Structure formats: C-alpha cells, structure tokens
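This report concerns only the one structure given below.
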Number of protein chains: 2
Amino acid sequence: MASTTDRLLVEQWRSIQDAYFRTSCALDRALDAKFDIGLNEFEILDLVAENSKSSCRMKELGERTPMSQSAVSKVVDRLEKAGLLTRQSCADDRRSLYLELTAAGRKLHQAAAVEHRALLKENLA
Amino acid sequence: MASTTDRLLVEQWRSIQDAYFRTSCALDRALDAKFDIGLNEFEILDLVAENSKSSCRMKELGERTPMSQSAVSKVVDRLEKAGLLTRQSCADDRRSLYLELTAAGRKLHQAAAVEHRALLKENLA
DNA sequence: TGTCATTGAATGACGCGTCATATAGATTTT
DNA sequence: AAAATCTATATGACGCGTCATTCAATGACA
C-alpha cells in the first residue's frame with residue numbers, strides 16, 4: 001500500500017482543496033468587504049436573480065445548491081433582514097414561499113455579480 | 001454583461017463546488033462513522049504520519065494545509081484528547097512543538113488511510 | 001545588555017452550517 | 001372525510017472554523 005497511485009490521488013485531492021479554498025475565500029472576502037454579504041448569500045441572490053420568473057423558490061434553491069435546507073433558510077433570513085429579498089406566500093401551496101429580490105437586492109446583485117465573475121476569472125484555470 | 005463567458009465561468013465554478021462538497025462530505029461522514037474522526041482530523045494525522053521524521057510540526061502543518069493556525073491548534077487539541085498524538089516541546093525553540101503519533105494514532109491512521117484513498121478513488125475523476 | 005519587534009502557539013468570542021426536531025399544510029388511504 | 005403520511009419550511013442546540021488577541025520565547029540592534 002501507499003502505492004504511487006495513492007500518492008497521486010492524495011496530491012490531486014489536495015490541489016482541489018487548495019483551489020477551492022483559495023477561490024471561495026477570495027470571493028467571500030471581496031464580497032463581504034465591498035457589499036457586506038458572504039459568498040453563500042451572494043449565491044442565493046444569484047440563483048433567485050437567475051430565475052426571477054418561475055415558481056416557489058425555497059424548495060428549488062435547495063436543489064440547486066449544496067447547502068442544506070436549513071442553511072438556505074438561514075441565508076434567506078439574513079438576506080431578508082438586510083432588505084435584499086422578500087418571502088411571499090404561495091397561493092397554490094401555502095407551505096411554500098416565493099422569494100423575490102427587492103430593488104436594493106437587484107441593485108446589489110448586479111454590482112456584486114460583476115465582482116464575482118471577475119474573481120472567478122482570476123481564480124479558475 | 002451576463003455574457004456566455006460569464007455563464008460558463010459560473011457553471012464551471014458550480015461544478016467545482018459540487019465536486020468538492022460531494023467528496024469532502026463523503027470523506028467526512030465515512031471517517032466519522034468508522035473511525036470517529038472528522039476529515040480535518042484525518043488530514044492532520046495524515047500529514048504528521050507523512051513526515052514522521054523531521055522537525056517542529058505545528059508550524060509546518062500550517063503551511064501544508066489551508067486551515068488557519070488556530071484551526072490546526074484546535075484539531076490537534078482534539079487528536080491529543082483522543083490519544084492519537086502528542087505534543088512534545090522542542091529543544092531548540094521552546095515556542096515550537098513536535099507532534100508525534102501515538103501507537104493508537106498510527107494504527108487508526110493506517111486503517112483510515114485505506115478508507116480515505118478508496119473514497120478519493122471513487123469520487124475523483 | 002536592555003529595548004523593540006517578531007514568531008510559534010493557544011484561547012475566547014463570534015458567526016455559520018448541520019442535525020434533529022417542530023409545525024403547518026398537502027396528499028393518500030380506507 | 002378522518003386518519004395517517006408526506007412535504008415545505010423554520011428553529012434550537014451544537015460543533016467547528018475564523019478573527020483578534022494574548023503570551024512566551026527569540027532575534028535584532030543600539
């Protein structure tokens with residue numbers, strides 16, 4: 001054991017970890033510094049902005065993100081408290097909630113997205 | 001804005017995130033279930049096991065891992081409490097500490113490493 | 001050699017994510 | 001249609017990582 005295959009695997013994994021850490025830290029810091037939101041907050045904003053025309057959100061978000069359901073719920077809490085989006089009850093299923101960006105949310109998202117893409121470009125490949 | 005380049009970037013990033021999450025969660029759960037240690041604990045064990053012949057550890061670990069210095073300190077705390085390694089003071093620089101696996105630590109590391117490599121093989125590429 | 005800056009490590013407060021659970025509303029079963 | 005089950009979300013306890021700070025030991029420099 002401790003074959004060269006294993007060593008290569010471990011090295012590959014470490015470099016993935018490293019890349020992931022670098023990128024997500026860079027994103028997180030920049031977004032926090034300039035827009036006062038964390039990376040997860042931005043990603044939820046980004047998802048909501050992406051399909052700002054379809055159905056009951058919370059649920060869908062859970063499917064489009066690796067975050068757990070409760071994490072999403074808490075991120076949305078913060079975004080709502082920050083006045084960036086609203087939860088609105090859903091007529092056809094009163095358990096569900098629609099999420100909608102506020103004007104402030106849309107504005108912040110647009111600005112932050114520019115930064116986000118730029119940092120991705122810098123950090124990926 | 002919202003160029004196709006940007007969309008591609010974002011997709012690339014999401015797939016990296018996804019891969020990272022899947023792999024690290026799988027590792028974390030398996031290691032915790034079978035050996036009662038988390039992924040970070042294993043990685044420190046792995047690093048210590050790797051160069052079990054050289055100098056003052058804590059410091060070096062900080063350089064070989066994306067974890068912060070204080071995170072490393074706390075992981076080592078847990079490993080020490082679990083009886084898997086020891087901190088030993090360093091003759092030539094009394095601020096530094098040597099880390100050494102205990103017999104139990106070595107044993108657990110060997111078993112866990114097999115699992116770890118197997119899961120990496122499953123999840124990468 | 002006495003000051004001043006630097007370095008290795010530990011610690012406490014804090015934020016966030018996870019798990020398990022709770023709750024209310026939907027759906028199915030009989 | 002009542003009972004049982006399932007589904008969408010929220011919540012609280014808890015663990016862990018980060019930041020800022022602290023402390024002791026080292027090194028530099030006058």
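Letters A, B, ... are given to chains in the order of the sequence lines, protein chains preceding strands, and every chain is numbered from 1. Just so it is clear, the structure is predicted and the values come from calculations on it, not from any experiment.
Remark: P of dT11(C) and CE of M58(B) are 10 Å apart, rounded to the nearest angstrom. Following rounding to the nearest Å, L97(A) (CG) and dA26(C) (P) show an atom-to-atom distance of 12 Å. For D28(A) and dG17(D), the CG to P distance is 16 Å, given to the nearest whole Å. Residue M67(B) contributes atom CE, which lies 14 Å from atom P of dA10(C) at whole-angstrom precision. The interatomic distance linking L79(A) (CG) with dC16(C) (C1') rounds to 13 Å, in whole Å. Note: CG (D32(B)) to C1' (dG15(D)) measures 11 Å, nearest angstrom. Spacing between atom CG of L61(A) and atom C1' of dA10(D) amounts to 15 Å, rounded to whole angstrom units. Atom CD in E41(B) sits roughly 11 Å away from atom C1' in dG15(D) (whole-Å rounding).
Not counting sequence neighbours, the partners of K34(A) by the salt bridge (charged side-chain N to carboxylate O under 4.0 Å, His left out) test are E115(A). For Q88(A), the side chain to side chain contact (heavy atoms under 4.5 Å, CB included) partners are T86(A), Y98(A), E100(A), not counting sequence neighbours.
In terms of phosphate contacts, R57(B) brings no side-chain nitrogen or oxygen within less than 4.0 Å of OP1 or OP2 of dA9(C). Phosphate contact (OP1/OP2 of dG17(C), side-chain N/O of N40(A), threshold under 4.0 Å): present. An OP1 or OP2 oxygen of dA10(D) is reached within less than 4.0 angstrom by a side-chain nitrogen or oxygen of S73(A). Between dG17(C) and R78(A), a contact under 4.0 Å exists linking OP1 or OP2 to a side-chain N or O.
For the pair R64(A) and D18(B), the salt-bridge criterion is not met [side-chain N within less than 4.0 Å of a carboxylate O]. Ion pairing of R14(B) with E50(A) is present here, as a side-chain N (NZ or NE/NH1/NH2) and a carboxylate O approach within less than 4.0 Å.
With hydrogens and angles ignored, the 3.5 Å screen pairs a side-chain donor or acceptor of S24(A) with a backbone N or O of Y20(A). When atom types are taken as modelled, the side chain of R22(A) and the backbone of Q17(A) share no donor-acceptor pair closer than 3.5 angstrom.
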Problem set entry | Nucleic acid footprint by protein, nucleotides 19-26 of chain D - heavy-atom cut-off 4.0 Å, B for base, S for sugar-phosphate alone | B-----BS
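Donor-acceptor pairing under 3.5 Å is recorded for the side chains of D46(B) and H109(B).
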